[in-house]
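The next block holds one structure in the form of structure tokens; read it before the comments.
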Amino acid sequence: MTAKLAVFISGNGSSLQALIDAIRMKVLAARVEVVVSNREEAFGLVRAQKAGIPTRHHPLSPYSEAGRPRSEYDADLARIVGEYKPDWIVLAGWMHILSRAFLDRYPYRVVNLHPALPGQFPGAHAVEDAFAAYRRGEIKQTGCMVHLVPDEAVGAGPVIGTTEVPIYRTDTLETLRNRLQQAEQVLLVQSLQRLIVGDEEIEEEGEES
Ligand code: GAR
């Protein structure tokens with residue numbers, strides 16, 4: 001079975017690229033059906049187009065400027081994505097928090113990549129926050145995780161995988177960010193493969209009984 005992915009991005013798309021490469025190398029049994037970005041200038045959209053993947057731009061500003069609630073943006077997002085019938089929604093550097101208007105349409109089907117370990121540094125500035133905590137002597141290492149997003153809580157939900165990442169005395173924010181991103185790319189591919197294999201096993205059990 002080839003799993004159908006919808007990948008949400010907001011920026012550079014290095015984790016999207018890792019998925020594209022893993023699929024090409026046949027280490028991930030999936031296909032990216034669509035890449036959605038809230039930002040038109042996101043470089044990840046160029047990566048998707050180069051790989052022949054359909055892209056959609058879904059900006060928040062027309063909604064906020066018209067005073068429309070976030071739930072309408074999220075409901076429209078779910079409608080756009082629904083056209084591609086994805087098995088999994090992958091948040092690979094998606095910088096919006098999804099509300100129930102989206103999540104209720106995809107229960108336990110939204111996978112988030114986050115550059116911190118469970119229970120540490122939620123939100124959009126996790127790497128900066130970890131680096132500052134290291135400088136204050138509060139932590140010696142950080143890490144990344146892949147987890148499911150069951151509701152609106154940031155960073156919550158069943159954890160699929162984690163990787164610890166060391167912080168060195170000589171690190172700058174940029175060297176730490178690069179090390180984390182390399183770990184994230186491997187972890188994202190492994191975690192998705194685990195979820196996809198899990199689906200196949202459930203299907204096979206259904207066939208046997
Ligand atoms: C990744 O490090 C991802 O974990 C992070 O944004 C980066 C996107 O990089 N996501 C979050 O912080 C979500 N809270 P990319 O666009 O190069 O894949």
Side-chain angles (χ1 to χ4, degrees), residues 5-24 28 30 32 34-51 53 55-60 70 74 77 88-99 102-103 110-134 141-167 171-192 195:
L5 309 181
V7 182
F8 288 12
I9 60 158
S10 297
N12 181 32
S14 60
S15 353
L16 164 68
Q17 189 65 54
L19 295 179
I20 293 171
D21 294 344
I23 291 168
R24 202 172 278 151
L28 183 62
V32 182
V34 64
V35 170
V36 181
S37 175
N38 60 310
R39 290 179 57 232
E40 195 168 23
E41 65 279 19
F43 184 64
L45 289 176
V46 177
R47 296 180 190 270
Q49 282 150 9
K50 273 193 189 151
I53 299 166
T55 58
R56 301 290 288 263
H57 172 220
H58 187 51
L60 179 61
R70 187 62 166 263
D74 279 356
L77 180 62
W88 297 100
I89 313 288
V90 185
L91 309 182
W94 174 255
M95 298 315 248
H96 284 328
I97 293 173
L98 295 170
S99 67
F102 184 91
L103 294 170
V110 179
V111 181
N112 186 41
L113 173 66
H114 185 68
L117 293 169
Q120 294 188 339
F121 314 119
H125 305 287
V127 187
E128 288 87 341
D129 292 346
F131 193 57
Y134 172 81
Q141 59 175 22
T142 182
C144 53
M145 68 171 154
V146 170
H147 65 96
L148 300 181
V149 186
D151 54 36
E152 289 168 60
V154 185
V159 175
I160 310 302
T162 61
T163 306
E164 291 178 354
V165 172
I167 309 177
D171 266 334
T172 62
L173 185 58
E174 274 330 289
T175 58
L176 176 59
R177 197 190 302 280
N178 288 341
R179 189 175 312 116
L180 268 166
Q181 287 202 337
Q182 281 176 16
E184 285 188 288
Q185 291 166 15
V186 175
L187 181 67
L188 181 60
V189 171
Q190 284 173 348
S191 302
L192 277 172
L195 289 169

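One-based numbering, in listed order, for ligands and for the atoms of each. No hydrogens, no waters, no symmetry mates; every other heavy atom, side chains included, goes into these values.
For the atom pair Arg179 CZ and Ile167 CD1, the distance stands at 8.5 Å (nearest 0.5 Å). Going from atom CG of Asn112 over to atom CE of Met145 covers 7.5 Å, rounded to the nearest 0.5 Å.
The nearest protein atom to atom 12 (O) of ligand 1, hydrogens excluded, is given as Pro115 CD, 3.4 Å; this is a heavy-atom distance. At the shortest separation from atom 6 (O) of ligand 1 among protein heavy atoms lies Gly93 CA, 3.7 Å. Considering only non-hydrogen protein atoms, atom 18 (O) of ligand 1 sits nearest to Ser15 OG, 2.4 Å. Looking at atom 17 (O) of ligand 1, its nearest protein heavy atom turns out to be Ser14 OG, 2.6 Å. Shortest contact from atom 7 (C) of ligand 1 to any protein heavy atom: Gln181 NE2, 4.0 Å. The shortest contact between atom 3 (C) of ligand 1 and any protein heavy atom is with Glu184 OE2, 3.4 Å. When only non-hydrogen protein atoms are considered, atom 14 (N) of ligand 1 lies nearest to His114 ND1, 3.2 Å.
By the side-chain hydrogen bond (donor to acceptor under 3.5 Å, both in side chains) test, Asn38 pairs with Ser10, His96, sequence neighbours left out. Partners of Trp88 by ring pair (Phe, Tyr, Trp, His ring centres under 6.0 Å), not counting sequence neighbours: none found.
In terms of heavy-atom proximity, Val7 sits nearest to Ala92 at CG1-CB, 3.8 Å. Shortest non-hydrogen contact noted between Cys144 and Leu187 is O-CD2, 3.7 Å.
If you look at Arg177 next to ligand 1, there are no close heavy atoms at all, none under 4.0 Å.
For His125, the heavy-atom gap to ligand 1 stays at 4.0 angstrom or more. Ligand 1 lies within reach of Gly123, whose nearest heavy atom is under 4.0 Å from it. A heavy-atom separation below 4.0 Å is not found between Ile9 and ligand 1. Ligand 1 is approached by Gly13 to a heavy-atom distance shorter than 4.0 Å.
Side chains of Gln182 and Asn178: no donor on one and acceptor on the other come within 3.5 Å.
The environment of CD in Glu40 is sparse: at most 12 heavy-atom neighbours from other residues, nucleotides or ligands sit within 6.0 Å.
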